[in-house]
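Some notes on the structure that comes next.
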Amino acid sequence: MKKWSVTQNLTFKEQLESGIRYFDLRVSSKPDEAEIEIYFIHGLYGIKVWDGLTEINTFLTNHSTEVVLLDFNHFYAMEHEHHLYLVNMLQEVFGSKLCIADCVENITLQYLWEKKYQVLVFYHYNIWNECPFLWAGNKMPAPWANTTNVHKLIQFLETTLGERAKRGTFHVSQAILTPQVKTIMRGLKSGLKNTLVHRNLPVILSWVKMQKPGAMGVNIITSDFVELVDFAETVIGLNYLLLKNKKENS
């Protein structure tokens with residue numbers, strides 16, 4: 001099952017070094033453990049959340065103008081005490097780097113640099129309203145296509161971009177294909193990367209290259225196995241279109 005559960009080959013450090021700045025995070029406790037501990041999870045348990053967060057923090061400490069967005073959107077086997085534990089962990093690891101929740105339109109890089117904020121945490125559980133540095137999960141909508149067909153995926157991405165809120169939220173375009181049970185059974189030994197991602201990622205990348213960034217276009221784009229193509233470099237390149245437009249309009 002590991003071949004179907006793993007969606008990235010790179011560590012947090014390696015993803016950060018390649019240009020990735022948004023992380024879709026799912027976490028879980030282990031019910032059979034006596035002590036409270038939380039792990040990343042996607043089908044199978046991954047590393048401890050503490051280890052991943054400290055890896056991210058080390059990168060941020062060494063790169064003081066870089067900013068990451070952490071989207072905690074799925075929680076498994078977690079009671080309220082686990083959430084308190086995780087929130088305290090975030091505070092302990094990142095401290096003053098945590099950006100206080102505010103109007104989305106106020107969050108420019110200049111604003112973040114002036115405040116020395118480097119981490120935005122989006123939290124899809126109702127504890128967010130008790131902590132000033134937790135952003136409500138609905139500020140980071142991420143429509144899910146839930147398809148194995150790359151053409152249906154592209155159509156879905158186009159539709160949801162057209163429907164996205166123009167103000168008040170960020171927006172995630174999940175350029176991701178999702179295996180169904182029959183997909184896994186047919187390609188049990190092949191895994192996610194070889195069955196779905198490898199052959200379809202070039203099509204997805206072509207779609208990304210045609211996008212325009214900004215309030216009327218793409219905001220955040222996610223994909224599996226980003227190292228297989230120049231995914232991060234391509235997405236980052238879209239920012240230059242914003243700079244170009246700003247220069248032309250000034």
Side-chain angles (χ1 to χ4, degrees), residues 15-25 60 63-73 97-124 133-145 150-177 200-224 226 229-250:
Q15 289 185 64
L16 288 162
E17 288 174 343
S18 72
I20 302 301
R21 294 295 179 269
Y22 166 88
F23 293 98
D24 173 335
L25 303 173
L60 294 174
H63 302 83
S64 60
T65 59
E66 295 298 328
V67 178
V68 299
L69 293 84
L70 307 181
D71 187 6
F72 288 88
N73 52 55
K97 294 185 180 77
L98 291 163
C99 177
I100 303 301
D102 198 348
C103 173
V104 169
E105 282 68 33
N106 291 342
I107 309 302
T108 64
L109 280 174
Q110 192 62 46
Y111 170 84
L112 294 170
W113 292 336
E114 289 173 359
K115 298 283 189 179
K116 299 188 185 305
Y117 291 149
Q118 292 182 267
V119 183
L120 280 73
V121 178
F122 299 84
Y123 210 84
H124 298 245
F133 63 83
L134 293 183
W135 293 66
N138 61 13
K139 296 296 183 182
M140 187 63 79
W144 176 41
V150 70
H151 302 294
K152 288 183 179 179
L153 171 64
I154 298 301
Q155 184 179 28
F156 178 85
L157 292 171
E158 293 285 355
T159 300
T160 51
L161 272 179
E163 296 172 348
R164 67 167 285 203
K166 305 309 177 191
R167 295 181 62 82
T169 70
F170 295 87
H171 181 86
V172 181
S173 295
Q174 291 199 71
I176 291 169
L177 293 167
N200 291 307
L201 202 50
V203 178
I204 292 170
L205 191 67
S206 295
W207 177 83
V208 172
K209 289 177 179 178
M210 294 188 295
Q211 299 313 298
K212 294 181 180 179
M216 303 301 289
V218 292
N219 180 212
I220 296 166
I221 309 175
T222 62
S223 186
D224 293 333
V226 293
V229 293
D230 296 328
F231 183 80
E233 185 178 336
T234 301
V235 174
I236 292 168
L238 296 178
N239 291 311
Y240 292 103
L241 296 177
L242 281 177
L243 296 174
K244 181 181 178 182
N245 291 339
K246 186 177 181 181
K247 187 175 181 180
E248 290 175 350
N249 294 330
S250 61

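Atoms considered below: every heavy atom in the structure, side chains included; atoms not considered: hydrogens, waters and symmetry mates.
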Check whether [X] reaches the backbone of [Y] with its side chain - one donor and one acceptor, N or O, closer than 3.5 Å.
X	Y	answer
R164	G217	yes
N73	D71	yes
R21	L16	yes

Worksheet item: Does the side chain of L201 reach to within under 4.5 Å of the side chain of S223, using non-hydrogen atoms?
Response: yes
Item to complete: Determine whether L25 and L70 make a side-chain contact, defined as any pair of heavy atoms from C-beta on separated by less than 4.5 Å.
Response: yes
Worksheet item: Which pair of heavy atoms, one from T234 and one from K209, lies closest together, and at what distance?
Response: CG2-CG, 3.5 Å
Worksheet, complete the sentence: Nearest heavy-atom contact between G162 and K166 is O-NZ, 4.0 Å
Worksheet entry | Q155: partners by side chain to side chain donor-acceptor pair (under 3.5 Å), with sequence neighbours left out | none
Kindly compute the distance separating [atom1] ([X]) from [atom2] ([Y]), expressed to the nearest 0.5 Å.
X	Y	atom1	atom2	value
D24	L69	CG	CG	12.0 Å
I154	H151	CD1	NE2	8.5 Å
L238	M210	CG	CE	11.5 Å
L157	K152	CG	NZ	14.5 Å
N200	L153	CG	CG	8.5 Å

Response to the item:
Residues passing the salt bridge (charged side-chain N to carboxylate O under 4.0 Å, His left out) test with E158, sequence neighbours excluded, are none
Practice prompt. Return yes if a side-chain donor-acceptor contact under 3.5 Å exists between N106 and Y111, otherwise no.
Written response: no
Worksheet item: Can you list the residues that meet the ring-ring contact (aromatic ring centres under 6.0 Å, His included) rule with F231, with sequence neighbours excluded?
Response: none
Item to complete: Sequence neighbours left out, what passes ring-ring contact (aromatic ring centres under 6.0 Å, His included) with F156? Give chain and number order.
Response: none
Practice prompt. Could you please spell out the steps behind the side chain to side chain contact (heavy atoms under 4.5 Å, CB included) verdict for V218 and W207?
Written response: CA-CA 11 Å; V218 292; W207 177 83; 4.1 Å; yes
Side chains of residues 113-123: which donor-acceptor pairs under 3.5 Å do they make with residues two or more places apart or in other chains?
from	atom 1	to	atom 2	distance (Å)
W113	NE1	T65	O	2.8
Q118	NE2	L60	O	3.1
Q118	NE2	H63	O	3.0
Q118	NE2	E66	O	3.0
Y123	OH	H83	ND1	2.8

Would you be so kind as to tabulate the donor-acceptor pairs closer than 3.5 Å made by side chains of residues 133-145, with sequence neighbours excluded?
from	atom 1	to	atom 2	distance (Å)
W135	NE1	C99	O	3.3
K139	NZ	G168	O	3.3
W144	NE1	T178	OG1	2.8

Fill in: Single hit among I20, L205, V208 for side chain to side chain contact (heavy atoms under 4.5 Å, CB included) with V235
V208
Worksheet entry | side chain to side chain contact (heavy atoms under 4.5 Å, CB included) assessment of I220 paired with S173 | CA-CA 6 Å; I220 296 166; S173 295; over 6 Å; no
